[in-house]
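Data block below; observations after.
Throughout, residue positions are numbered sequentially from 1 according to the sequence presented. The structure displayed is predicted, hence computed values, not measured ones. Note: hydrogens, waters and symmetry copies are ignored here, and every other heavy atom, side chains too, is used.
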Amino acid sequence: MRRISGLFHRFGYGAVQRFRKAVLTVLVALSLPAMAGAETVTIAALGDSITQGYGLPAEDGLVPQLESWLRERGHDVTLINAGVSGDTTAGGLSRVGWTLTPEVDAMIVALGGNDMLRGIDPANVRFNLDGILKAARDAGVEVLLVGYQSPGNYGPAYKKAFDNAYPELAGKYRTLYLSSFLAGIANPPDVRTLMRKYMQQDGLHPNARGVGLMVQSLGPSVEALMARAAE
């Protein structure tokens, strides 16, 4: 008490109060990083070459662009790129265990495009996706399942079985569901516009502009995923 009284006497009440306020401000500022870190939502994106960012500079890939989009909207989020070029649902199932690390709060599952291109039996696709979603449920991780639609060149029975696997599994595990990964670039005026503006030369992978459109389409569903993870 004598020291405090001495400070009041020497410097005045106002100066001492300003000093105390400055100290408090510093202490609060130092505590903010820890507070923010505790609230960060970590999302793993389990997918194939489109998720991985094939053919693009690292900063133009889907995961970095999506993370930037979310942060610009004020979300405290970290995305983990768990995309592997050429991967199938079987590959995703084989590595989902080490993808679901303790810090992961939610997961985007975007697999099946390569299964479809190879004509893999839809029953196998369903089995693999079921295993991925079960692993996420057992880990207490919320999921956004992204669907794919077969073009029909394997026949109507294949298309029906393949296409229906995604919404049916989303219903079974009560995950969030987005019907198409490429919805953001699927409706240009014509195919030439699509290829010229939004796709790489291989005609299979989006360029940076195409990824940007995908992010705008995908983003709101990821925001909903974050809301679930925070509950």
Gap between atom [atom2] of [Y] and atom [atom1] of [X] - 0.5 Å precision:
X      : Y      : atom1 : atom2 : answer
Met199 : Arg209 : CE    : CZ    : 13.5 Å
Lys197 : Asn207 : NZ    : CG    : 11.5 Å
Arg71  : Thr78  : CZ    : OG1   : 5.0 Å
Leu70  : Met226 : CG    : CE    : 6.0 Å

Result block: side-chain N/O donor-acceptor pairs under 3.5 angstrom for residues 54-62, not counting sequence neighbours:
none

Restricting to non-hydrogen atoms, name the atom on [X] and the atom on [Y] that form the minimum distance, rounded to 0.1 Å.
X      : Y      : value
Arg126 : Ala165 : NH2-CA, 3.5 Å
Leu111 : Gly92  : CD1-CA, 3.7 Å
Val141 : Val104 : CG2-O, 3.6 Å
Ala170 : Tyr177 : CB-CB, 3.8 Å
Ser180 : Gln149 : CB-OE1, 3.9 Å
Ala224 : Leu176 : C-CD1, 3.6 Å

Go through the structure and list residues passing salt bridge (Lys or Arg N to Asp or Glu O under 4.0 Å) with Arg174, not counting sequence neighbours.
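Partners of Arg174 under the salt bridge (Lys or Arg N to Asp or Glu O under 4.0 Å) test: none.
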Sequence-distant partners of Asp163, salt bridge (Lys or Arg N to Asp or Glu O under 4.0 Å), two or more places apart:
Lys159
Among pairs that include at least one residue of residues 111-146, which meet ring pair (Phe, Tyr, Trp, His ring centres under 6.0 Å), considering only residues two or more places apart or in two chains?
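Applying ring pair (Phe, Tyr, Trp, His ring centres under 6.0 Å) to every pair that reaches into residues 111-146, excluding sequence neighbours, yields nothing.
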Results of side-chain contact (heavy atoms from CB on, under 4.5 Å) for [X] - residues two or more places apart only:
X      : value
Pro151 : Met116, Asn153
Ala82  : Leu46, Arg95, Thr99
Ala110 : Thr51, Val146, Tyr148, Phe181
Lys172 : Asp130, Leu169

If you draw a 6.0 Å radius around CD in Gln201, do more than 12 non-hydrogen atoms from other residues or ligands fall strictly inside?
no
With side-chain contact (heavy atoms from CB on, under 4.5 Å) as the test, would you mind laying out the steps for Thr88 and Asn128 before giving the verdict?
CA-CA 9 Å; Thr88 61; Asn128 296 329; 5.9 Å; no
Once side-chain hydrogen bond (donor to acceptor under 3.5 Å, both in side chains) is applied, do any residues pair with Ser85, and if so which ones, sequence neighbours excluded?
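Testing Ser85 for side-chain hydrogen bond (donor to acceptor under 3.5 Å, both in side chains), a comparison that skips the adjacent residues, returns Gln52.
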Got a sec, which residues hit side-chain hydrogen bond (donor to acceptor under 3.5 Å, both in side chains) with Lys160, two or more places apart in sequence or on another chain?
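Lys160 satisfies side-chain hydrogen bond (donor to acceptor under 3.5 Å, both in side chains) with no other residue.
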Keeping Gln65 on the side-chain end and Met214 on the backbone end, is there a donor-acceptor pair under 3.5 Å?
no
Would you confirm whether Asp48, through its side chain, and Gly112, through its main-chain N or O, come within 3.5 Å as a donor-acceptor pair?
no
Would Asp105 and Glu142 satisfy side-chain contact (heavy atoms from CB on, under 4.5 Å), going step by step from the backbone distance to the final call?
CA-CA 7 Å; Asp105 303 300; Glu142 295 290 345; over 6 Å; no
Determine whether Val84 and Leu79 fall in the same hydrophobic cluster, where Ile, Leu, Val, Met, Phe, Trp and Tyr are linked whenever their side-chain heavy atoms lie under 4.5 Å apart.
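Per the 4.5 Å side-chain linkage, Val84 and Leu79 are not co-clustered.
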Parallel, tilted or perpendicular: ring planes of Phe162 versus Tyr158, cut at 30 and 60 degrees:
parallel
Tell me the side-chain hydrogen bond (donor to acceptor under 3.5 Å, both in side chains) pairs involving residues 114-125, sequence neighbours left out?
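Found Thr89-Asp115.
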Can you tell me which residue pairs pass the side-chain hydrogen bond (donor to acceptor under 3.5 Å, both in side chains) test with a partner in residues 221-231, sequence neighbours excluded?
Arg73-Glu223, His75-Glu223
Are any non-hydrogen side-chain atoms of Val143 and Ile132 less than 4.5 angstrom apart?
no
If you define the side chain from C-beta out and look only at heavy atoms, does anything of Ile108 sit under 4.5 Å from Leu178?
no
